[in-house]
Amino acid sequence: MVQLTFPDNSVREFSAGVTGREIAEGISKSLAKKAVAVALDGELGDLSDRIERDAKIEIVTRDDPRALGLIRHDAAHVMAEAVQELYPGTQVTIGPVIENGFYYDFFRNQPFTLDDLPAIEAKMREIIQRNAPFTKEVWSRDQAKSVFEKKGEAFKVELVDAIPADQDVKIYKQGDWFDLCRGPHMASTGQIGSAFRLMRVAGAYWRGDPTKPMLSRIYGTAWHNEEELKAYLHMLEEAEKRDHRRLGREMDLFHFQEEGPGVVFWHPKGWTMFQELVAYMRRRLRGTYQEVNAPQLLDKSLWETSGHWQTFREAMFKAQPAGDEIDDNDRVYAIKPMNCPGHIQIFKHGLKSYRDLPLRLAEFGAVHRYEPSGALHGLMRVRGFTQDDAHIFCTEEQMAAECLKINDLIISTYADFGFTEMVVKLSTRPEKRVGTDEAWDHAEAVMMDVLKQIEAQSGGRIKTGINPGEGAFYGPKFEYVLRDAIGRDWQCGTTQVDFNLPGRFGAYYIDKDGEKKTPVMIHRAICGSMERFLGILIENYAGHLPLWLAPTQVVVATITSDADDYAAAVAEKLRRAGIRADLDLRNEKINYKVREHSLVKVPVILVCGKREAEEGTVNVRRLGQKDQQSMSLTDALVALQEEATPPDVKRLEAEAA
RNA sequence: GCUGCCGUAGCUCAGUGGUAGAGCACUCCCUUGGUAAGGGAGAGGUCGACAGUUCAAUCCUGUCCGGCAGCACCA
């Protein structure tokens with residue numbers, strides 16, 4: 001007998017080997033019909049699984065949130081069946097559930113195209129209509145391998161070999177079609193329902209390995225019901241609308257062109273945002289960091305010393321004199337891909353004492369990396385970008401305190417942009433690394449301790465995690481991942497402890513005892529790449545930037561030319577108050593002007609007509625709002641000036657008051 | 001870099017084996033209109049680049065460049 005505890009805490013006895021399906025049927029017919037799986041002590045399993053031990057049991061119905069993964073997984077299987085039915089000879093590989101959906105990778109000489117999807121989707125609906133039950137069998141390895149070999153499924157044979165020895169080789173059948181799968185699955189294909197859609201096709205390497213064959217992947221999305229599917233598709237549309245590449249063009253912020261793949265042409269408005277962001281960061285560094293600027297072009301030897309030339313040469317730009325007649329035109333320079341070697345040179349220049357530590361050098365350093373062409377993506381991944389970089393030279397004892405200080409800076413910076421949800425992850429030693437195990441043990445212990453403090457300090461707002469083996473080759477690191485307004489995660493900030501570079505470059509300081517010591521170096525970035533961070537901000541705000549960041553903060557627009565002089569005076573006063581204001585005196589209707597400035601997302605339009613000119617008022621129209629507000633020019637000036645004050649400056653003013 | 005798709009006016013896109021079109025934007029004229037497009041006229045393109053096939057290529061083929069979606073990469 002087994003004792004099973006139900007969600008209402010009632011405990012009932014069943015004979016061992018009872019199945020979830022039998023239990024559900026025993027409770028009610030309707031439950032049995034709705035049931036798609038069973039959860040034993042929280043772990044999902046098939047309704048047909050025999051229950052041989054005491055456990056907490058739940059009958060999982062189709063509308064349970066946990067069923068969504070099953071719906072998607074089953075949909076992947078059905079898609080594979082549909083594909084093999086339509087395109088005989090296509091080999092199946094793997095088909096997992098992913099965020100918002102599923103995919104299945106196929107091997108076929110001719111990759112799938114978007115045009116193939118409607119037929120596959122129709123076939124899937126047909127298979128779902130058939131409503132064949134999912135049944136499970138456990139096969140021996142040899143049996144599984146020989147069956148898949150006979151079917152010509154070479155990839156499946158490889159997968160059977162990859163299953164750990166202590167796990168069963170499970171085969172799931174749906175009608176005549178079957179697949180190697182760890183399960184679980186729902187009761188029958190009909191339970192998938194109709195709220196799914198095939199989305200796109202893409203190439204993907206077998207097992208993620210570029211040396212292995214390219215497979216043809218089909219992505220799909222699947223949901224509990226049509227409403228959820230519709231909501232998801234709507235969310236995708238919203239994301240597309242706030243695509244920073246589109247907004248960048250529409251708002252005239254920047255552009256790219258063929259001659260400069262992956263490098264940004266910043267237009268006046270975009271550059272205003274950029275500079276506003278840099279100015280913000282500079283204010284945040286004031287009093288703590290010293291800003292420096294290291295050369296763009298440095299002899300190759302420096303990059304050999306740092307190790308970049310050996311490790312990242314493929315991703316670096318080299319430069320040489322272009323003239324044929326120049327004596328040393330065999331001398332090779334590299335355009336900097338990082339700022340650290342430069343900063344170490346600055347540290348090394350002049351003897352440093354332990355009293356100088358921690359020494360914090362910051363730079364808005366423009367770096368260039370030859371990113372793979374397929375990786376380029378608007379501002380998010382470029383070949384030339386500006387890091388809000390800093391290197392802190394300190395002692396090992398100072399390391400933990402420095403990491404916490406950086407943490408405070410990063411968290412408060414993100415908060416100023418409205419990012420309050422974030423995750424800090426500790427990346428630990430990778431396989432390829434430098435430094436002794438003792439040094440890594442020590443560094444990881446220190447950082448683990450810091451991580452705990454970060455979590456404790458945050459009062460639960462910040463989640464923490466560990467990425468094993470993801471550290472840099474020279475030391476462990478923290479990664480700061482923020483969540484934007486539509487729930488997407490972006491890794492931006494990073495704090496990396498480095499035991500390697502200072503020693504390689506022979507950097508040292510004179511310690512209390514008069515001995516030379518090698519400092520620890522901490523690399524840190526907050527925005528990471530200013531370009532990318534701006535891209536994230538544009539998407540996060542959907543172009544509706546807070547006033548302090550908006551390139552054009554106010555447009556003063558006239559209704560008739562009678563108000564031209566007054567409007568010009570208003571614009572002038574705004575400018576004197578430090579507000580970025582444009583003047584629109586064109587001979588156009590106010591409708592036209594409002595529409596045009598609204599489309600480029602100007603936050604505030606001050607409409608001035610005859611009435612305003614006579615009364616000394618302005619009519620305030622905010623972006624996205626239909627109603628207007630009339631107020632005196634003086635009041636408007638004060639209010640706008642207040643609103644246009646960056647959040648950090650507001651804080652300082654509040655403290656001073 | 002790999003796979004697939006794409007490249008026509010500043011933008012969004014039609015189109016054809018016989019050297020091109022629309023809407024918006026732009027310029028000029030008329031219009032002075034109270035909160036998301038007033039009317040008219042005009043200008044604007046070596047159809048991504050280079051080769052090939054053809055009497056003839058923007059269209060077909062190839063190579064290259066660039067973009068998009070994934071994959072891989074990201075010091």
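Convention: sequence-line order gives letters A, B, ...; per-chain numbering from 1.
Taking the side chain of A:Arg249 as heavy atoms from C-beta on, and the options B:A25, B:C11, B:G34, the nearest nucleotide is B:C11. Here B:C65 is the nucleotide among B:G34, B:U3, B:C65 with the atom lying nearest to any side-chain atom of A:Glu258. Checking B:G34, B:A36, B:C68 against the side-chain heavy atoms of A:Arg245 singles out B:C68 as nearest. In the set B:A36, B:G70, B:C26, the nucleotide with an atom closest to the side chain of A:Tyr592 is B:C26. Residue A:Ala375 has its side chain nearest to B:C73 when only B:A36, B:G38, B:C73 are considered. Distance from the side chain of A:Ile559 is smallest for B:G33 among the nucleotides B:U3, B:A69, B:G33. In this structure, the nucleotide among B:G34, B:C26, B:U35 sitting nearest to the side chain of A:Gln628 is B:U35. Residue A:Lys589 places its side chain closer to B:G33 than to any other of B:A75, B:G33, B:C73. Residue A:Arg381 places its side chain closer to B:C73 than to any other of B:U3, B:G48, B:C73.
Two rings, from A:Tyr370 and A:Phe317, have their centers less than 6.0 Å apart.
Within the nucleic acid shown, A:Val607 comes within 4.0 Å of at least one base atom, counting heavy atoms only.
Residue side chain A:Phe312 meets the stacking definition with respect to B:A75: its ring centre sits within less than 5.5 angstrom of the base's six-membered ring centre, and the planes differ by less than 30 degrees.
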